[in-house]
Number of protein chains: 2
Amino acid sequence: MTEDDAHRHEWVADCRLRAATDLFAHTWDPVVLAALRLGPRRRRELRAAIGGISDKVLTDSLHRLLAGGLVERHAHAEAPPRVDYALTGLGQSLVDGPMTALGRWVTEHGEELLEAQESSTAEGL
Amino acid sequence: MTEDDAHRHEWVADCRLRAATDLFAHTWDPVVLAALRLGPRRRRELRAAIGGISDKVLTDSLHRLLAGGLVERHAHAEAPPRVDYALTGLGQSLVDGPMTALGRWVTEHGEELLEAQESSTAEGL
DNA sequence: CGGAATCCTCTCCGATACTG
DNA sequence: CAGTATCGGAGAGGATTCCG
């Protein structure tokens with residue numbers, strides 16, 4: 001690893017960017033964040049709103065987002081257990097900034113993207 | 001799958017957003033795009049500029065980006081084979097828009113993100 | 001130099017079943 | 001309703017090797 005130090009300065013600048021892109025590495029994490037965009041949601045509401053996510057994967061995703069400081073967990077001590085999840089300030093800023101920008105890009109270039117992908121898969125077969 | 005159609009309208013709206021977040025799902029794809037940000041690069045230059053990427057992974061990444069219409073390949077018929085890769089208009093728009101927004105977010109909240117991640121891993125042990 | 005092929009490892013995703 | 005435990009499959013990433 002010592003010789004790699006010579007290269008390190010070349011990509012260390014992108015290290016923080018990597019930490020950010022990794023937030024999108026897990027398929028469902030952005031979807032969960034998007035589902036929390038409009039306010040706190042209970043576990044069950046998230047499952048229903050997202051649709052097609054398994055129980056375990058939702059748990060994994062929430063744990064990662066909690067560990068990343070993007071989501072907060074609030075457990076209410078009630079007879080029927082009630083727990084809801086909400087974006088932290090950090091998570092909200094991620095949604096309002098980059099994810100919104102990505103959403104705008106999709107509305108502008110989404111068609112173009114899908115066309116390019118389809119045309120190449122058509123050739124690829 | 002037929003009963004899922006009832007749920008489909010709930011998340012189909014996020015389908016395009018998913019197609020976009022998937023562009024960041026593969027670890028090295030954003031890095032390669034970032035490396036092409038300032039202009040066309042040869043395969044070897046990319047490997048050196050990125051640092052720490054294996055040959056196969058770079059090939060895979062380039063193939064995905066080519067298939068997605070984000071990158072173009074230009075092969076020059078010369079004695080020493082010369083091939084360079086460049087962003088397409090679509091790829092450039094992705095870099096200029098969402099990726100730049102993500103970069104801005106990182107400069108503003110990167111510290112906060114790393115702190116949150118470290119503090120939780122410290123607890124987690 | 002560009003790049004395809006092989007093999008290995010790791011972890012993400014999904015389904016199922018069980019506990020508080 | 002919230003959350004955990006386990007198992008299996010699929011795919012990404014990494015190292016190495018060989019071809020044009």
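Every chain is numbered from 1 and lettered A, B, ... according to where its sequence line falls, protein lines coming before strand lines.
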query: For DNA chain C, whose closest nucleotide is more 5', that of A:Pro81 or that of A:Ala25?
result: A:Ala25
statement: Sorted by number, residues from residues 57-68 of chain A placing a heavy atom under 4.0 Å from DNA chain D are A:Thr59, A:His63
- request: Please report, rounded to the nearest Å, how far the P atom of D:dG13 is from the CD1 atom of B:Ile53.
  value: 9 Å
- line: When rounded to whole Å, the CD to C1' distance for the pair B:Glu78 and C:dC1 reads 12 Å
- request: Measure from the side-chain heavy atoms of A:Arg43 and tell me the nearest of D:dT6, C:dC1, D:dA2.
  value: D:dA2
- line: The residue, B:Val83 or A:His26, whose nearest nucleotide of DNA chain C is more 5′ is B:Val83
- request: Could you check how far OH of B:Tyr85 sits from P of C:dG2, rounded to whole Å?
  value: 8 Å
message: Looking at A:Trp28, I'd like to know if the NZ or CZ of A:Arg64 sits under 6.0 Å from its six-membered ring centre while staying within 45 degrees of the ring's axis.
response: no
- line: Picking from D:dA2, D:dG14, C:dC13, the nucleotide nearest the side-chain atoms of A:Arg44 would be D:dA2
message: Does a side-chain N or O of A:Trp28 approach OP1 or OP2 of C:dC12 to a distance below 4.0 Å, or not?
response: no
query: NA contact type, A:Arg42, heavy-atom cut-off 4.0 Å: base, sugar-phosphate, or nothing?
result: sugar-phosphate
- request: Without swapping roles, check the side chain of A:Arg47 against the backbone of A:Ile53 for a donor-acceptor pair under 3.5 Å.
  value: yes
- prompt: Expressed in angstrom and rounded to an integer, what is the separation of B:Asp22 atom CG from C:dC13 atom P?
  reply: 10 Å
- prompt: Is the closest side-chain heavy-atom distance between A:His109 and A:Leu113 below 4.5 Å?
  reply: no
message: So, applying side-chain contact (heavy atoms from CB on, under 4.5 Å) with B:Leu23, which one of B:Asp29, B:Leu70, B:Leu65 is it?
response: B:Leu70
statement: The single option from A:His76, A:Arg43, A:His74 that satisfies side chain to side chain donor-acceptor pair (under 3.5 Å) with A:Asp84 is A:His76
- request: May I have the distance from A:Lys56 (atom NZ) to C:dA15 (atom P), rounded to whole angstrom?
  value: 11 Å
message: Measure CZ/A:Arg41 against C1'/D:dA2 and give the value in whole Å, please.
response: 18 Å
- prompt: Given B:Thr21 and A:Met99, is the side-chain contact (heavy atoms from CB on, under 4.5 Å) satisfied, shown in steps?
  reply: CA-CA 9 Å; B:Thr21 57; A:Met99 281 191 55; 5.8 Å; no
task: State which residues pass side-chain hydrogen bond (donor to acceptor under 3.5 Å, both in side chains) with A:Asp60; sequence neighbours excluded, sorted by chain then number.
output: A:Lys56
Between D:dA12 (P) and B:Asp55 (CG): distance, integer Å: 18 Å
query: Are any of B:Ser54's side-chain N or O atoms less than 4.0 Å away from OP1 or OP2 of D:dA15?
result: no
